[in-house]
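Here's the structure, in structure tokens; my notes come after.
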Amino acid sequence: MEIPSKYNSKDVESKILKEWLDKGCFNADVNTLKEPFCIVIPPPNITGILHMGHALNSTIQDVLIRFNRMKGLSALWMPGTDHAGIATQNVVERDLAKKGVKKEDIGRDKFLGRLWAWRDQYGTTILNQLKSLGASCDWRRTRFTMDDDYSQVVKDVFISLYDKGLIYRGNYIINWCPRCQTALSDEESAHREIDGWLYYIKYPIRRMTDDGRRTTEYVVVATTRPETMFGDTAVAINPKDERYKGLKGAKVILPIVDRELKVIEDEAIDPEFGTGVVKVTPAHDPVDFMLGKKHGLESINIMEDNAVLNKNVPQDFIGMDRFEARAALIEVLEEKKLIDKKEPYKISAGHCYRCHTIVEPRLSLQWFVKMKPLAKDAITVVENDEIKFYPPRWKKVYLNWMNNISDWCISRQIWWGHRLPVYYCRSCQSSAVSSQQEKAESGKQIADSLKGIIVSKETPQKCPDCGGTDIYQDEDVLDTWFSSWLWPFATFGKTTDSELRTPNSELNYFYPTNVLVTASEILFFWVARMIMAGLEFKKAIPFRNVLIHGTVRDSKGVKMSKSLGNTIDPLDIIEKFGADSLRFSLMLLAASGSDVYLSDDKFLVGRNFANKIWNATRFLFLKINESNFKIDSLELEIPDVIDKWVLKQLNDTIDRVNSELENNRINEATKAAYDFFWHIFCDWYIEIAKDNFTQSKAKVLIYTLINALKLLHPVMPFITEEIFQIIKQQTSLDLEDFMANSTWPVKAALSFDGEEAKILEIVIETIKTVRNIKTDLNLGTKKVALEVSLKKDDNKFWETNKGWIEKLTFSAKISFKSNLERVLYRNDLWEINLGIDDIDTKNFLAALEKKTNNLEKVLGKAIDRLANEKFLHHAAAETVENEKVKVKDLTLQVGRLKDLIKAFEGGS
RNA sequence: GGGCACAUAGCUCAGUUGGUUAGAGCGCUACGUUCACAUCGUAGAAGUCGCCCGUUCGAAUCGGGCUGUGCCCACCA
């Protein structure tokens, strides 16, 4: 069979992928003979297309899954997608808008029909892209957060929380996105600094002077959002603020509107800020809302859903957008000379995490989850390290957030999502709702009327309170994350109590899962909430480890994002270099938890390595076929010292890769496997084996190749699988069907003393030194004779191995002499000279001097150290011993170098 | 305002409990076509480990301070 000299990733990857999937290599089931290992994928949005962040995230998971699968665990990687409420609705709305259609035009049912159609058509795009990356998920199990089973769990959870009193409905200031026209949770409102102004506005004080005239006094308030002044119902000062002692009883007038404002005193007011007087707008600011509640102020909502000013503002401003209104208002105030001054000011404003519109804090009737009770246990399990974070610093971030957690607004005014399992009896609610609305508008706090609210999985037939049958469901849907937080157990379908008690139900077998792999961005959105949900509903942690990886950035360190146009498309990289190259490069670059800086050329490492692997294999079979060797077993015949050396190195590498992977240090594991393959196996073992290519060598080569490939398989699954298949074809070895399902390497039992192989280390050092000397002598790889004098008259090793030593030192031939005219290199076992007459001593001497100087410095330090009483007293015996060996060694080396210098200076 | 990181070769980064002559990849320089691989091989140059102080016999590693960079949280009106 011809093996091409260039590795063709494209053909190989599609072929291998198909075989894996056809044969169900990634299927994982309950198997009581095996230990379970489970990862649930962070479900990508159905609107998503694969980006580098996914590639990084998924590769890490795949490496861990493949490693554990090969180690013999029942390794399940649960795949699926998230319905992504707002994001998906926005996409489909935009589609409709192109045709000039608004969702209201076609109505809720039809619109949802469009959404489902969209999801059927595009919703699995990203999963197919993950497949081409090599993600070894159990694809049979692919879940969607709006699957029927899943939705049942969502409802169960809502009802359960409601029954426990952990879900409530109330009127509070929430983050409102005027573009998406829905409430958002605090987490969904991302704070960003924007340039703005701090306006100082004069509010007149109405007070009669003694002679009965109005004063012209005013008080100055500072605000960044002047347009909200139409909703002001008070001004506030700090009670300790001496400057405004007299203000308490005064009548402060809201300009333009000409409404009288209360003056309130509150400790919360910072006298240092602005003028120390603050306008209070309870319906449009969280702090003001709190003040309003405390001081019994009215709330005046001045905006429509789309942030256009409503009828509660002066005629001229009705219908203006909030920012338009701000500009218009400033103009009017300036005209009236009511602007004292304005200063440039950085405003930290919430932005909708879906459309980046500036969020409007707004008083609104929404549903909330009480978080403090849920957080309690979720804090404990992390404090006790029942759940561990990698890297561990995230533990603090998590705990800090959890300890300051606030309630979660879960209702969304969109159509795509899980509709709240909440029903209202029209007759019971009509009175309640209308009074609620009145109160909302008048700003009085609303006492939640539970009458006529029915929380139920099914549509109730009649109202339990009044028996009425005029019942309607709440229009809102739940926050997407209200379904995502159930992912680690809801993906196992119906999780009834009885199933929970069944010892080997899938849920009980695979849950708690082993590790969750994610970016830090969704630590609060998702990770923290999953921990709370797991503990609350399954009475157990959802995962044991949380592995948080870095952010993908461009070569300048800027976060990759579509809007900035600095992305590298992983599919392009797969197309150009192959999925293995992409994966390998990412794993090598992504040190645990640190950000990954990428540019196209970063992927060359992976491509080059894949090619190296390919060619090493190709060469082996070229030689094996040429020699007509039959490889039918990997029983090692009579390993020579070189075989023993490489096997020892392989064993060490297996240890290393195991321990690094077990500690989630994938980059270190990748590097160890890479170093072994390239710099031990290819650079030395294959090179040496070329010279004396025996059947025995061929076996060791194949044995080492298979095991080295297995170590690389989790990171580079395609090429390693392909070569595994080639090995099966080319040999009569009894191997598993797929490397993906093969056993992880175990160390070979070596029946020799590790010392025995050390001679090879000495030979390698000799070879490197000879090459080095030749370079210093400007000989490069020119072939010259190599003269060897053996100190211990035993030249057996050299006789059997001189062929490859000649080659690797680029020597014409090796000859043995008892005495050398000149010694260019010497160790305990032998001396070396090169058969050359004219030596360019200039470079050589310079190099020698430099080396000598460096070594002498190091030697000096070591000698000083050993002369130091305190060092001898404090340092570990081993350290002292090492130091002594070092001195001995260096003294020898320096001595040799000086001899050499003397010899060459004396004329060669 | 609070918190968390990071700062090592031109670039991107390793360096696990303090003790090797501080490493790798890319880039750079020189040489090279030796039965796989030029997506290769050989050799080399290149770092006062951000700055200061401290602990220690000994610090890239531990502690404190400073400078710079990045990130997160907060009711920054």
Side-chain angles (χ1 to χ4, degrees), chain A residues 3 5-7 173 191 193 198 221-225 228 236 268-270 273-274 277-281 285-291 345-348 361 391 393-394 396-397 400-401 404 520-521 523-524 551 555 557 577 581 588-589 591 593-599 601-602 604-605 607-623 626 659 663 665 667-668 671 674-675 682-683 686-687 690 693 768 771-772 774-776 778-783 807-808 810 847 854-855 857-859 861-862 865 868-876 878-880 882-883 886 890:
Chain A
I3 303 178
S5 80
K6 278 199 168 60
Y7 171 60
I173 296 277
H191 283 257
E193 277 202 343
L198 184 62
V221 303
T223 180
T224 55
R225 293 164 61 214
T228 63
I269 307 304
D270 175 11
F273 184 88
V277 188
V278 168
K279 61 192 266 315
V280 181
T281 323
D285 185 278
V287 182
D288 293 3
F289 176 69
M290 189 254 315
L291 288 174
Y345 197 78
K346 295 260 186 233
I347 307 167
S348 173
R393 61 187 147 98
W394 291 104
K396 280 187 231 164
V397 178
N400 181 50
W401 188 76
N404 295 296
S520 60
E521 285 97 304
L523 185 60
F524 307 139
T551 306
S555 54
F577 302 140
S581 306
L588 203 60
L589 287 167
S594 64
D595 288 352
V596 190
Y597 289 57
L598 291 178
S599 51
D601 57 332
K602 290 280 169 72
L604 291 174
V605 197
R607 183 201 60 170
N608 294 354
F609 185 43
N611 197 57
K612 186 77 182 178
I613 294 171
W614 186 253
N615 273 291
T617 308
R618 174 168 161 258
F619 174 71
L620 293 190
F621 283 108
L622 234 60
K623 293 288 281 186
E626 179 188 294
S659 92
N663 289 301
R665 291 152 50 124
N667 65 320
E668 293 294 330
K671 195 168 180 309
Y674 165 86
D675 280 340
C682 292
D683 285 358
I686 292 182
E687 287 305 322
K690 280 178 183 175
F693 200 86
K768 285 186 164 182
R771 289 170 179 169
N772 183 317
K774 291 178 75 175
T775 304
D776 288 343
N778 281 335
L779 294 170
T781 50
K782 195 171 149 191
K783 291 193 172 177
K807 254 189 223 157
L808 297 187
F810 313 108
N854 286 341
L855 285 185
K857 264 186 225 158
V858 180
L859 179 59
K861 267 195 227 165
R865 219 169 284 160
N868 185 336
E869 280 296 328
K870 286 180 176 170
F871 172 71
L872 297 174
H873 185 251
H874 288 282
E878 203 190 317
T879 311
V880 176
N882 285 343
E883 211 64 17
K886 191 160 96 187
L890 286 170

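Lettering follows sequence order; numbering is per chain, from 1. The basis for the numbers below is simple: all heavy atoms, side chains too, and nothing from hydrogens, waters or symmetry mates.
Annotation: cation-pi pair A:Lys690/A:Phe619 present, NZ/CZ under 6.0 Å from the ring centroid and within 45° of its normal. Geometrically, A:Lys623 engages A:Phe693 in a cation-pi contact, judged by NZ or CZ lying under 6.0 Å from the ring centre and within 45° of the ring axis.
Residue contacts for A:Leu604: at a heavy-atom cut-off of 4.0 Å it reaches no nucleic acid atom on any strand shown. Nucleic acid contact class of A:Thr879 (heavy atoms, under 4.0 Å, all strands): base. Note on A:Leu198: nothing from the nucleic acid sits closer than 4.0 angstrom, heavy atoms only. In this structure, A:Thr224 reaches the sugar-phosphate backbone alone: every heavy-atom distance under 4.0 Å involves primed, P, OP1 or OP2 atoms, never a base. Across all strands, A:Leu859 comes closer than 4.0 Å to no nucleic acid atom at all (heavy-atom distances). Using a 4.0 Å heavy-atom distance criterion, A:Asn854 is classed as making no nucleic acid contact. Counting non-hydrogen atoms under 4.0 angstrom, A:Asn772 reaches the backbone sugars and phosphates but no base. In this structure, A:Lys671 reaches the sugar-phosphate backbone alone: every heavy-atom distance under 4.0 Å involves primed, P, OP1 or OP2 atoms, never a base. Using a 4.0 Å heavy-atom distance criterion, A:Arg618 is classed as a sugar-phosphate-only contact. Among the atoms of the strands shown, none is found under 4.0 Å from any heavy atom of A:Lys861.
Protein atom NE2 of A:His873 is 15 Å distant from nucleotide atom P of B:U56, rounded to whole Å. A:His874 has its NE2 atom 9 Å from the P atom of B:G58, to the nearest Å. Regarding A:Met290, its CE atom lies at a distance of 16 Å from the P atom of B:A74, rounded to whole Å. Summarising the geometry, the separation between OH on A:Tyr345 and C1' on B:A77 is reported as 8 Å, rounded to the nearest angstrom. If you take CG of A:Asp270 and P of B:A77, they are 11 Å apart, rounded to a whole angstrom. As rounded to whole Å, 17 Å separates atom P of B:C37 from atom CD1 of A:Ile613. Rounded to a whole Å, the OH atom of A:Tyr7 is 21 Å from the P atom of B:A36. Spacing between atom NZ of A:Lys602 and atom C1' of B:G27 amounts to 12 Å, rounded to whole angstrom units.
Considering only the side chain of A:Val858, B:U21 comes nearest among B:U21, B:U42, B:C35. Residue A:Glu668 has its side chain nearest to B:G15 when only B:G25, B:G15, B:C57 are considered. Counting only heavy atoms from C-beta on, A:Ala875 has its side chain closest to B:G19 among B:U12, B:G19, B:A43. Of the candidates B:U12, B:U39, B:A77, the closest approach to any side-chain atom of A:Ile269 belongs to B:A77. Which of B:A43, B:A77, B:U42 sits closest to the side chain of A:Phe810 comes down to B:U42.
A donor-acceptor contact under 3.5 Å is not formed by the side chain of A:Ser5 with the base of B:C37. One donor-acceptor pair, N or O on each side, does fall under 3.5 Å between the base of B:A36 and the side chain of A:Glu687. Scanning atom types as modelled, one donor and one acceptor separated by under 3.5 angstrom connect the side chain of A:Lys690 and the base of B:A36.
Contacts of A:Tyr597 classified as ring pair (Phe, Tyr, Trp, His ring centres under 6.0 Å), with partners at least two apart in sequence or in another chain: none.
When the shell of 6.0 Å around NZ of A:Lys783 is examined, it contains 12 or fewer heavy atoms from other residues, nucleotides or ligands.
Salt bridge annotation for A:Glu883-A:Arg865: present, with a cationic side-chain nitrogen under 4.0 angstrom from a carboxylate oxygen.
Taking only side-chain nitrogens and oxygens, A:Lys396 comes nearer than 4.0 Å to OP1 or OP2 of B:A5. OP1 or OP2 of B:C4 has not a single side-chain nitrogen or oxygen of A:Arg393 nearer than 4.0 Å. Taking side-chain N and O atoms only, A:Asn778 has no distance below 4.0 Å to OP1 or OP2 of B:C31. Regarding contacts with the backbone of B:G41, a side-chain N or O of A:Lys612 is found under 4.0 angstrom from either OP1 or OP2.
Nucleotides B:A5 and B:G64 place their P atoms 11 Å apart, quoted to the nearest Å. Using atom C1' as the reference point in both B:A22 and B:C13, the two lie 14 Å apart (nearest Å). B:C11 and B:C71 have their C1' atoms separated by 23 Å, given to the nearest Å.
The 5' end of RNA chain B is approached more closely, in terms of each residue's nearest nucleotide, by A:Asp683 than by the other of A:Ser520 and A:Asp683.
Remark: RNA chain B forms stems of 3 or more consecutive Watson-Crick or G-U wobble pairs, all pair distances under 3.5 Å, at B:1-7 with B:67-73, B:10-13 with B:23-26, B:28-32 with B:40-44, B:50-54 with B:62-66.
The main-chain N or O of A:Lys396 is never found under 3.5 Å from a side-chain atom of A:Asn400 such that the two would form a donor-acceptor pair.
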